Structure formats: structure tokens, C-alpha cells
Number of protein chains: 2
Amino acid sequence: MNRQPSMGDVAQAVGVSKTTISRYLHGEFGYMSPDTKSRIEAVIKKLGYRPNRMAQGLKATVSHMIGVSVADIGNPFTSLLLKGIQLECRSRDIQLLVSDANNQPAVERANIESLVDAQVDGLIVNTTGRNDEWLGRVSQSTESAMVMLDRIVQPIICDCVATDNHGASFAMLDHLVEQGFDYVIFVSCPSEGISTRIMRREAVEQYFLDRAVDGEVLVYRQGEADLAERLGTIIAEHNDRRVCLFANNDETMQDVLEALNSEQRRALGLCAFANERWAKYSGDGITCLDQSPVEMGRIAAKKLIARAYDGFQGEYTLEEIPAQLRVYASTTRH
Amino acid sequence: MNRQPSMGDVAQAVGVSKTTISRYLHGEFGYMSPDTKSRIEAVIKKLGYRPNRMAQGLKATVSHMIGVSVADIGNPFTSLLLKGIQLECRSRDIQLLVSDANNQPAVERANIESLVDAQVDGLIVNTTGRNDEWLGRVSQSTESAMVMLDRIVQPIICDCVATDNHGASFAMLDHLVEQGFDYVIFVSCPSEGISTRIMRREAVEQYFLDRAVDGEVLVYRQGEADLAERLGTIIAEHNDRRVCLFANNDETMQDVLEALNSEQRRALGLCAFANERWAKYSGDGITCLDQSPVEMGRIAAKKLIARAYDGFQGEYTLEEIPAQLRVYASTTRH
DNA sequence: CTGTTAGCGCATTCAC
DNA sequence: GTGAATGCGCTAACAG
């Protein structure tokens, strides 16, 4: 059993005590003989010694790890959130312990407990939904700070970072009105406690009430094949109007495209909360609300780091990041 | 400072020794009095005690964490690799320490060192490229096992999982020939030591030599705006032929679409290594080679777990996963 | 059925 | 300038 060299091994090889090695590692060579210093240096290189972070953490009660729990790591949007988190954490030499809940609340709970067990210094949570009270308890009981990302719970129980879903939805609807659409069908999967879906839907419904745009909300389940039929019915009912479909996200937009025949695709307006990089080339270009997941991830990480490592103690805040309206042919060619 | 309860706290509260608690936690109540057992159970619940994994790891020299280093976590393909890894690891209660190299070899090296310092039990590496010898040294020196994922180094220095790039490229070219294309332009960014790019390019060039299909390889740099011009020139030179563009990946396909005007898009054949979910809806549907990133991630994780936790010692293998040819209008409507 | 002891690798007093 | 001693939270002999 040829284990990694430990601090004791180095100490023995140099002929000093572990304390001296420890001091060397922490740059405290103010009072160290240059000779010892260089000898230590040589031995460390020779043995390829590297301090054991678990042992360090056990003493220091900081692990230099933060836990990230995401609802679905396979989602491209989520991966960009991670990108942002990672960018911020690398500069602080913080490791990421990442868990995927696979969209299951029970898995999310198990994952977060497991992250806490691993002694993470803080938690970034992109929740599956349907765990609000449980998350509330966690954020209270745990020493470590917590930040909710993209999907939040209200009232606020910790720092939150999300898209300005209300503002973005209104911006899109304003655009559709301007383009002369007079019937908007907002298409979404069931909310299932997911804040983004809830807030977008609420915004759209409020817009329908407040202003002179008619429309409705169409809720469907993924995998059930009735979307085409239901869309067809609604479209037929409004064939005297200029109809636009507004999808809650990229995935739903794809489901909508799948459900429409090519004639319908061309005849109707189409738009969505979606990644521009994708929407731009889809069909002849689909108008979209492009969010800033990388930036959101960065901000979330910054907030967490401030509390977990820099002793920040201020009030919890909700930061709403604007989305960018990107207009393409799908809402302008009619 | 109101820290989490430790095993000692529990032991004290129950009035037994830490050993007994430890035994309880490991399910060794074969010889434990039912009374003690139930008292321990109660106290643990009351105190909300959870074992500290760092301390466990320090003793056991297993951390129940594996390190994952990816070239670019923001890439949707990469996120699906992670999905697969995660699926496999959750069932074994293994945590993932994820690092993003942001496509920089130097960052990759730093990340992997950091992962090793954190005492991961194994390493899954999706390399940035240009780190081959360094990775070779790591996989030798480190106790922990290593698996290369999607991007590999040859000759094999550890278990590897990758797409069957050669077979997939040939399948696509066969399809193009069948469709009557007689000039194929393979478009790719510079290889930069990345095995997927190298192997796909080699396969295409070999196909050009072996069979009766003419074509060329076009290497461009992202961000440089000359792609449109260079493509234009080549296309003009071959306007008497049926030309198809074959992009190395999704990103390159997008760059190609950006570089072409709508007339060119319609006139030329288009295809790529790309996610079907995306390609299908792009333009009128782009023919693609759909890989199986989730499955690849699973296999990589399985291989790693076998070595890191189950004592498997067999020879290193390279597992090549087939890609699926998905045909859409972009190669059939001409 | 249960406790004592020792030690994992490191950081931190306090001595010298 | 340096070292010995102690303990972080837990596991694993070895005793009873």
C-alpha cells in the first residue's frame, strides 16, 4: 500500500517537525532559516507532496467546496448557469460539488442532505420545485449560506437570482402587439411549483387582463401526444385572427414545432423564452427572450461567496436579471 | 459558535461510547441491545446528527467523491455527459466534484491537481487537448483510476469512452454519396490536439482517397470573419457540382449557417455531428449524426467505479459508441 | 453487548 | 527559529 506522502513523511525526510512544514506551506517563513526553507522545498518537490484537503478541512471547518444542486443538469440553460458559477469559483479556488436532481423533488432533498454531509461551505440551489418548505428549513438550520438560482421561492428565504420574468414577458407581448398579433397562446408545461413557469404565466395572464390583447394559456404535458390536436382546435377557432404562439422555454418551443405542420409553422407567429444561439437558426429564425444564464450563475456564486467566506451578513435580496428580446422572422414576416 | 453535533455529542447524550454510535451507523446492531439501539435512534433524530464525511474520509481513505474535469461545461453535449455520469453515480451514492477547464489546457492541469488534492477516488477527464503527456503522468502516478471521456489520447493510457467517429463519418459520407452529392466540404475548427476533431478529419480524408467522392477540408477559426468569404469562393469554384457541407459539430454548423446567405443555405447540402433535438428544427431540418452522450457518461462512470471501488484490475479498454445517422431535408430535398 | 485506545493528516497553541 | 502536544470527527483493532 503505497499511499501519498503525508506531511509527516516530508518532516521526517527533511529532519524537522510537522509544524515547520505546516508553516512553510502557509508562507510563514518570516522566522525560518533559509536553509530549512530550501531543504523543505526540495523534499516536497522530490516526494511530490500535496496537502490533503480533507485533513485540512477537518481542522479548519472549511472545505473550500460549495454544493450545487440543479434540477436537470442535462438542460443547456442549466449548464450555462454552472459555467457562470464555475468562473466565479475558480478565481477563489473553490471546488464545486454538483448534484443533479433529475427533476425529482425527493432526489433533490437527498442530494442536498448529501452535500451538507460532505461539509460544503455553502449551497446554490436550482430547485425542482415542490420543496419550498423543506428548503426553508434547510436554509435556516444549516450554518452554511444558500442561494437560489433561476427558480426561487417566495417570500424570500435566502439570496435569490432569477430572470426578470415579468418584465421579459411584457416586453415580448408588447412586441407582438406592435407586430399586429391579436391573439396570443402561451404554451407551457404544468407549473409544478416552478417559479419561472408560474411567474411567466401570471405575467401573461395579467397582460391579457390589463391591455387590449386577447389570448389564452395552454398547459400540456410532455410526452402526451395531444398537443397537436389541441393546438389545431384553438388555431381553427381563431382563423380570422393573427395568432402567435408563445412558448415558455426552448423545450416547449420544440414540442410546439413538432406539433405543427409546416403550413401552420409558416402561418402562425412563434416566440419563446429561449437561447438565441438556438432560436436564431430554428426554422427561419424564431423571436426569443434570451436570458443571461452565465451572468446569473456568476452573481449567485458571488453572493454565496460573500456570505460563506467573507462574512457578509446583510439582508437577503432577490436580484432580477433582464432578458433580451431578439427579434427574428417568426414574428415579423406576416 | 453553534456547530453541528458530532458523534461525541450523540454518544454523550445517549450515555454510551462513540464506538457504539459508530456501530449503529454502520448497521452493526447484531449484538446491540434493542434498548441502546432505540435510544441512539431517538437522540440522533433529536439532535439532527449527520456523520461528517470529511472525517470519515480521512480515516477510510475513500472520499466517495469522484472528480470530473470537462473542457467546457457550457457545451450542451458536455452537460449530457455529466447527466450520464450523475445517473450512474447517484445509484452508488458517489458525489461529483466538477471542474471546468474553459477550454484552456493550463486550467485543466490546475483543476485536476486540485481534484486530486481533494482526495477524489477517481477521475473522469474530458480533456481540452494539448495535455496528453501530462495526463499520462497523472494516470500513472495517481493511485486513483482515470477514465477519458469523448476526447481521448492514443495510445491508450487508461479506460476510454468515445464516439465511433470513424464509423459515423463514413456512414454520413455513404449517405451523401447515395443522395448524389459529389463534392463534400468538411468544416472544422483547428484540431488543437482534440481527438474527436482529428479522427473525424482523418476519416473524411481517408474516404476522399479511398472512394470516388471528391471533397476538401476547410479549417477556420471561430470569431474570425473570413468563413463566409472562404466558403463563398469554394462554392463558386464548384458550382457545377452537387456540394454538401459537413460540419464537425453543432457549433460549427451554426457558424456555417451564419456564414451562408439564405440562397446558399437552400442550394447546398448540409449535415453535421450534432444533437438531433437541435438539428431537426434548424432550418427545414438538418441531417445529423446524433451521439449518445448520456450513455457515454454512464459507461465512463461505470468503468471508473469498477476500478475505484470494486477492485477491478483488467486491461485498459477503448469503448467506441456508435452514432445514429438522422436524415432530414437538408440532404434530401435537392 | 460495549468501551478503551490509537491514529488518519493537519493546524494550532504553547514552550524552548 | 523550531518542536511537542493536543484535538478536529471518525473508524477499527483489541479488550472485556
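The structure presented is a predicted model; accordingly, all values stated were derived computationally and were not measured. Letters A, B, ... mirror the listed sequences (proteins, then strands); counts begin at 1.
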Pair of N/O donor and acceptor under 3.5 Å linking D:dG9 base with B:K18 side chain: no
Presence of donor-acceptor pair under 3.5 Å, side chain of B:S22 and base of D:dA12: no
Distance check: side-chain N/O of [X] vs OP1/OP2 of [N], anything under 4.0 Å?
X	N	value
B:Q56	D:dT11	yes
A:S33	D:dT2	yes
B:Y49	D:dC10	yes

5' priority, DNA chain D, between B:L25 and A:K59 [closest heavy atom]: A:K59
First of B:T20 and B:L58 reached from the 5' end of DNA chain C, by closest nucleotide: B:T20
Pairs satisfying side-chain hydrogen bond (donor to acceptor under 3.5 Å, both in side chains), at least one member in residues 292-302 of chain B, at least two apart: B:E88-B:R298
Where chain B begins and ends its contact with DNA chain C, read 5' to 3' at 4.0 Å from heavy atoms: C:dC1 to C:dG9
Angle by which the axis turns from one end of the helix from C:dC1-D:dG16 to C:dC16-D:dG1 to the other, five pairs per end, to 10 degrees: 40°
Sugar-phosphate only, base, or nothing, as touched by B:S6 at under 4.0 Å among non-hydrogen atoms: sugar-phosphate
Distance, rounded to the nearest Å, where B:H26 contributes NE2 and D:dA12 contributes P: 6 Å
B:M54 CE - D:dG7 C1' separation (whole Å): 17 Å
